[in-house]
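Here the structure comes first, spelled out in structure tokens, and everything after it is commentary.
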Amino acid sequence: MEIASFSPGRGSTGPRAWLRTDAPAQVFDGRWRFRVWPGLRHAASDPTDADDDGWSDIEVPGHWNLQGHGRPSYTNVRMPFPLDPPHPPDENPIGDYRLDFVPDAAVLAHRRRLLRFDGIESAAEVCLNGVLLGTTRGSRLTHEFDVSDALRDGENRLAVRVAQFSDASYLEDQDMWWLPGIFRSVTLLARPDGGIDDIFCVADYDAATGQGHLDIRVTSTRRAQVLIPALRVDAVAAGRVAVGKVTPWSAEEPFLYDAEVRTTCESVRLRLGFRRVEVCDTVLHLNGRPLMLRGVNRHEHRPEHGRVFDRTVARDELVLMKRHNINAVRTSHYPPHPEVIELADELGLYLIDECDLETHGFASVAWRNNPSDDPRWREAFLDRIRRTVHRDKNHASVLFWSLGNEAGTGLNLEAMARWVKEFDPSRLVHYEGDRSSRYVDVYSRMYASHDEVRQIGEETLRPAPHDATAAELHRRTLPFIQCEFAHAMGNGPGGVAEYWDLFERYSRIAGGFVWEWIEHGIAVTGDDGRRRILYGGDFGEQVHDGNFVIDGLVSVDREPRPGLLHYAAVIAPVQLAVGPRRDEVEVVNRYDFLDLSHLVVRWRRTVDGKDVASSVIDVKAHPRTSTTVALPETAREPHRFDVADVLTVEAALSADTEWAVAGHIVSSGQDVRTAVPARPVATGAATADTAGPARFDAITGDLIELAGLPVDGLKVGIWRAPVDNDRFRGSDEWDRPSYADRWHEAGYDRMQLRLIAREVTDQAVILRLRAAPPIFDEAIDTVLRWTPVEEGTVVLDASFEPRGTWSVEWARLGLDLTIDAVPLGVDIAGRGPMPSMPDNDAAARFGWWRLDAHELIVDHVRPQENGARLEVRQATIRTSAGAVRLSTLDRPFALTTAPWGRQAIASARHHFELESDGRTHISIDLLQAGVGTATCGPGVLPRYRIPAQAASISLLIGRG
Ligand code: IPT
């Protein structure tokens, strides 16, 4: 087997569209026989050998290292073996697959037959009945072999030898698990004589006239007809066919026409969406209108099955995207299973369909010998893009062909772009690595900072400098997208709303794609029988990139992380803002095509947790316009309240769609008016060690009992268990250590408390404390004044005054305490129901939320700070020993409640290592820093950082 060449695979028939046909087919998914060798030199010379020793059963499609043979391994950019192209390492598992089968009579009835492989990682050699059919390269690409002669009536033996690594690995260095095997279906296809071998159909829409046209090319020896019943089209399928007025396709209204292309021998079903994508004067247009891409990067991943496709799961994923206002997917970094493209057509998602190409490993040597610029690899590059484009060329959802990801620059990429432009001028070419944008149709970047995005937005509004190069002048004519931004790793990403403001502000900017959709954890069963989610390094890899593979908006089981909910609110296609006098709602229609008639907009007024009025308002607005709608008197007539008077406006679907039911909320807005309870009168019942329901240690002054509960506190906290973004240096501060390191260096994680003085008056117990990190001389002088008030309650006035220089910003500023009982839940009047961080909070609405214990924490695969609810005004913390109630008497606070402490979180490497310590850990934070997106991109924006500062809060505390 040849696995060290520069060439594409050999022996397959030319690439063509993946078509739905009535020609017979036989799918070979199921149990195959399998054996694995440690390297090619060990492998039996004859992969088809009759001997049954050493073979066992395996599931196809599947990855062998998720089925008990070897172990998965993860690297991001770096190659797990020496950069020695085109050679794979000697230590290179070789899997032999074998299938004995009898072809269906229906297939045998046709003289021509093809054997199709939709995905084999990384290189295969295919033999049928001892005849070598050829080899494959391009793991996520389709390969077909002509088996007309090799196929027998009766018993057949198919043998496929697969190399885990090959020359192809150098071109497939995507940030994901290395998962070898036949992981997509294998199908035997009958090819009727006079049948339809290929179709290339461009369904074009002319927005000026409303007319549709088909440009259709059919590969057949017979004459083909195209039929579109809904348009009464019955025409010869050749060249340009006018089809009259059509309803155009868009993600907002994914209108598809069922079509049939047929000869006398075969019929193929197509679902056609008429649309036109183009660039008009720096603006991305679809169907004659500007287009905004609200995107995510989607890898194919399932925790138990890797990249093996499951239609139900994939459909659910796309539905979940639609429910979260996502309208675009970059198929990072390879073409997904072909049915994903069909689903995108049906559900309405714009695609950047990306070629299976990434040579990122060469970045480790400053791109020396990068295959992208080495003529020996040229055919391999061209083969990959041809297979990508041919397979998916008939789909409305595909607006862009992407040449690949992170492959540097070079002649081979240019050649790919040229081929695409020539073959399919109806779509746009995308490639991020071409910074000068010489051979692409859109200027694309990843993780550009807010400032840079602003500059890019502005540059097309100003004349180019007189010495601008031709490339620069060309780039200035292009729309801009961020093909990756807002790295959704762990608790984050922060700063998305600020990006989106910029995307909305400049017409040149056509949106962006969050990195990334799903976390790629791998599920295994632990010794305790429980399911565990693992990441890089957990399988004993020598070279790995740890939890960098856990960076999604949804968990591995596709449960939304808070980041997804907030992203959905940021990109919501309708924005609702209640006017300051509550007399009107400003409605911004950000849809590109819809006029809001598909939505019901309702407002609701909630006073101290009770709904007091609501009604539906009539809203109409053309796409990309805004309007104001009056609110009735009941929205604002005076009402007494103790905590909050909240007006919430929600826009919901008025009818069921393919992806959500009527009533599904697309967007919401709020006006919140708050009040604070009057400060109760002191009862004058303080003693040396009690202040109403608060009891203090006679020696240390520590709080030991609160509202009848055994507690430990109060401590002053300025540190958090680092989130992933805290552990990395942001692109804005490359030259500085990460915040996690800075906090640790500065001792913030080891604060000490010194009691300066305890004063007891008949009104209050006053504790003067100095909270300070070890080693240095900064300090926070803290005064805790406990004033017993009416029956069983106490007012705590806490004030903080920093002393010294404090050169590192704080993670937060708050009071920490633990209750010696397990948490049962928390009821808040505050922003929720989901957790938020100050720069990642767009979806959090003020409300009276009842949260159960499991809702207090987010099970991040790698533990980190999480679970804060912001702007809380009242909270009841429920524990197994009873409840305590807090209300602010002035500013709101952020509340974090967890069954474990921050040190435990920070030192655990996996969620499953965390065990409740039987206590309830509570933080009442006056200030919290944002999280930013430093794992890739800029760190926390300055406005969300917290330099040392004085602050104070007054709380009323009692039994819950
Ligand atoms: C960028 C990659 O394109 C993407 O695949 C992923 O690895 C992401 O980073 C990080 O999760 S490349 C990076 C060097 C900016």
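Just so you know, ligand 1 is whichever comes first in the structure, and atom 1 is the first atom listed for that ligand. Note that the structure is a prediction, hence the values are computed from the model and not measured. We're numbering straight along the sequence, starting at 1.
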Give me the nearest non-hydrogen protein atom to atom 6 (C) of ligand 1 as residue plus atom name, then the distance to 0.1 Å.
D175 OD2, 3.1 Å
Ligand 1 atoms in contact with N76 (distance to a heavy atom under 4.0 Å)
7 (O)
Which residue and atom name correspond to the protein heavy atom nearest atom 5 (O) of ligand 1, and how close is it?
H333 NE2, 2.6 Å
Side chain to side chain contact (heavy atoms under 4.5 Å, CB included) between E484 and C936, worked out:
CA-CA 9 Å; E484 293 178 26; C936 259; 5.9 Å; no
Full working for ring pair (Phe, Tyr, Trp, His ring centres under 6.0 Å) between F81 and Y170
CA-CA 10 Å; F81 51 79; Y170 291 99; 5.5 Å; yes
What is the nearest protein non-hydrogen atom to atom 12 (S) of ligand 1, stated with its residue, atom name and distance?
E406 OE2, 3.1 Å
What residue and atom, counting heavy atoms only, is the protein's closest point to atom 1 (C) of ligand 1, and at what distance?
E484 OE1, 3.1 Å
Heavy atom of the protein closest to atom 10 (C) of ligand 1 (residue, atom name, distance):
H487 NE2, 3.3 Å
Under 4.0 Å from a heavy atom of N405: give me the atoms of ligand 1 that qualify, with their elements.
2 (C), 3 (O), 5 (O)
Is there a nitrogen or oxygen of H360 sitting under 3.5 Å from a nitrogen or oxygen of ligand 1?
no
Here the atoms of ligand 1 under 4.0 Å from any heavy atom belonging to D551 are 11 (O)
Within 4.0 Å of some non-hydrogen atom of M446, the atoms of ligand 1 are 1 (C), 3 (O), 12 (S), 15 (C)
Below 4.0 angstrom from a heavy atom of F548, which ligand 1 atoms are there? Numbered from 1 as shown, please.
10 (C), 11 (O)
Which pair of non-hydrogen atoms, one from L171 and one from R384, has the smallest distance, and what is that distance?
CD1-NE, 3.6 Å
Could you go step by step and tell me if E519 and Y535 meet the side chain to side chain contact (heavy atoms under 4.5 Å, CB included) rule?
CA-CA 10 Å; E519 300 177 353; Y535 52 77; over 6 Å; no
